There are 2 protein chains.
Amino acid sequence: MSRKGADLALLLLGGFRQLAEDAGAELLRRGYPELRPSQEFAMRAIAGGADSASELGRRLSISKQAAAKVTSVLEERGYVARMDDAKDFRRKLLTVTPLGHEVMAQGEAIFDDLRAAWARKIGETALDRLQSDLSILIGNAAVDLDAPGMTGLEED
Amino acid sequence: MSRKGADLALLLLGGFRQLAEDAGAELLRRGYPELRPSQEFAMRAIAGGADSASELGRRLSISKQAAAKVTSVLEERGYVARMDDAKDFRRKLLTVTPLGHEVMAQGEAIFDDLRAAWARKIGETALDRLQSDLSILIGNAAVDLDAPGMTGLEED
DNA sequence: CCCAATTAGACAACCAAGTTGTCCTTGAAG
DNA sequence: CTTCAAGGACAACTTGGTTGTCTAATTGGG
């Protein structure tokens, strides 16, 4: 009955969701190109050595078909190149283009700032909630973050 | 251009994904009813005091329409009841039925076991990866979990 | 050397879980 | 009392996956 895939939603808890939305908004506001997060993450995985669609699927724990889809989009955008592999004619070799690397570097810079901002904000509400969400998954014992006064599971 | 919503995928990183899949598989294996995680989470939010669709949407950071959808499913399943609110005729009051509470208790028990299992496994691969994924979002400084020997960002 | 099994990739149909936008009704507040 | 906000329902759409099926290329055993 295929719970797979749908289970991902377990993680889309409120706190995470908010944090992700904020990050996305900030990226856009600072001129980061209109890149879907799934695309962004796939590109980073390719840069990190996932040099074929199947391998990409394996790394991201998604199907090869889904990996191929996102790869196609990245290729259209010019961030990733798909070349024939001379050694294995079944494979299409994936590489991140210079443009792709440029974009990733830009994102890196923004994320650095976001981290700094979050680090200040972190004792307040965001991480508090994130922590309580996360503990649903991996339990209180394991999730301690830095725990100055966070008990974890007290959902308002 | 509506990055909202899609940004959630930023969080669907490999490590989380794996953990969530394992959890889902285990729940199924132990006879937990066929419940979508989004449904599960919504039910818990309702039990936690989200007594209307709009309020549910607010708590989960999703639209009231999405909240209403999942509520309908929960109602069909018999886990949640929708009643007219005598005080405000616009609202439909949401409550978790005894059956719903029963299911949640069952899930609680399974999760307790999972947490114990994860606590053992935690120094190994799973949390390692989860940690590295999470640090993409909120940075290394903030994510320290309990850090016995985890450096965090070494992606294979 | 050949054949069986495996693997990469493409294509199609489908689904889950959101999103907007619009509309109606009810309640609240000047 | 009139305007505005809020709750809810319905519809059309989008994203990011999922199977299932197919072909072509590689690999490994006898």
Side-chain angles (χ1 to χ4, degrees), chain A residues 1-14 16-18 20-21 24-25 34-43 45 50-75 82-94, chain B residues 1-14 16-18 20-21 24 34-42 45 50-75 82-94:
Chain A
M1 309 235 157
S2 164
R3 265 183 88 97
K4 186 176 178 182
D7 286 333
L8 311 175
L10 223 178
L11 300 164
L12 267 31
L13 317 178
F16 280 120
R17 194 181 290 268
Q18 202 57 58
E21 272 174 26
E34 194 69 38
L35 246 190
R36 298 277 140 201
S38 62
Q39 297 160 8
E40 165 93 30
F41 201 62
M43 178 160 60
D51 62 346
S52 73
S54 292
E55 175 59 22
L56 180 61
R58 253 173 259 128
R59 296 230 189 161
L60 302 184
S61 293
I62 60 179
S63 67
K64 59 183 182 177
Q65 293 94 328
K69 272 192 202 177
V70 68
T71 303
S72 294
V73 177
L74 288 172
E75 192 186 17
R82 229 198 210 111
M83 296 167 302
D84 290 333
D85 183 344
K87 311 221 171 175
D88 183 340
F89 286 95
R90 293 171 305 178
R91 309 184 66 201
K92 302 281 179 165
L93 216 59
L94 303 181
Chain B
M1 309 238 161
S2 165
R3 264 184 88 100
K4 187 176 175 182
D7 285 336
L8 311 174
L10 223 180
L11 299 163
L12 267 32
L13 315 179
F16 281 120
R17 192 181 290 270
Q18 201 59 57
E21 273 174 26
E34 193 70 38
L35 246 191
R36 297 278 142 200
S38 61
Q39 297 161 8
E40 165 93 30
F41 201 63
D51 62 346
S52 73
S54 293
E55 175 58 22
L56 179 61
R58 251 172 261 127
R59 296 231 189 163
L60 301 184
S61 293
I62 60 179
S63 67
K64 60 182 180 177
Q65 294 92 329
K69 273 192 202 176
V70 69
T71 303
S72 294
V73 176
L74 288 172
E75 192 186 17
R82 228 196 210 110
M83 298 167 301
D84 289 333
D85 183 345
K87 311 224 170 170
D88 183 340
F89 286 94
R90 293 171 303 177
R91 308 185 66 200
K92 303 280 179 163
L93 216 60
L94 304 181

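Just so we're on the same page: letters track the sequence lines, and every chain starts at 1. Treat the numbers as computed from the prediction; the structure is a model and nothing was measured.
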Among the nucleotides [options], which one has an atom lying closest to any side-chain atom of [X]?
{"X": "B:Q65", "options": "C:dG21, D:dA12, D:dT18", "answer": "C:dG21"}
{"X": "A:Q39", "options": "C:dG9, C:dA17, D:dG16", "answer": "D:dG16"}
{"X": "B:R91", "options": "C:dT7, D:dG7, C:dG18", "answer": "D:dG7"}
{"X": "A:I62", "options": "C:dG9, D:dG8, D:dG17", "answer": "D:dG17"}

Practice prompt. Return the set of residues passing salt bridge (Lys or Arg N to Asp or Glu O under 4.0 Å) with B:K92 (not counting sequence neighbours), or none when no residue passes.
Written response: B:D84
Fill in: Residues which pass salt bridge (Lys or Arg N to Asp or Glu O under 4.0 Å) with A:K69, listed by chain and number, not counting sequence neighbours
none
Quick one: list whatever passes side-chain hydrogen bond (donor to acceptor under 3.5 Å, both in side chains) with [X], sequence neighbours left out.
{"X": "B:E55", "value": "B:R58, B:R59"}
{"X": "B:D88", "value": "B:R90"}
{"X": "A:T71", "value": "none"}
{"X": "B:E75", "value": "B:R82"}

Fill in: All side-chain contact (heavy atoms from CB on, under 4.5 Å) counterparts of B:A67, not counting sequence neighbours
B:L56, B:I62
Between [X] and [N], is there a contact of a side-chain N or O with OP1 or OP2 at under 4.0 Å?
{"X": "B:S38", "N": "C:dA17", "answer": "yes"}
{"X": "A:S54", "N": "C:dT7", "answer": "no"}
{"X": "A:S63", "N": "D:dT18", "answer": "yes"}
{"X": "B:R58", "N": "D:dG7", "answer": "yes"}
{"X": "A:R82", "N": "C:dA10", "answer": "yes"}

Practice prompt. Examine the base of D:dG16 for any acceptor or donor lying under 3.5 Å from a partner atom in the side chain of A:K69, and report the outcome as yes or no.
Written response: no
Item to complete: Establish whether the base of D:dG8 is bridged to the side chain of B:K92 by a donor-acceptor pair shorter than 3.5 Å.
Response: no
Worksheet entry | Nearest heavy-atom neighbours spanning B:A42 and B:V70 | CB-CG1, 3.8 Å
Kindly give the atom pairs (protein nitrogen or oxygen, nucleotide nitrogen or oxygen) under 3.5 Å for nucleotides 23-25 of chain D.
from: D:dA25; atom 1: O3'; to: A:F89; atom 2: N; distance (Å): 3.4

Worksheet item: Any stems for DNA chain D, made of 3 or more Watson-Crick or G-U pairs in a row, each with both distances under 3.5 Å?
Response: C:1-30 with D:1-30
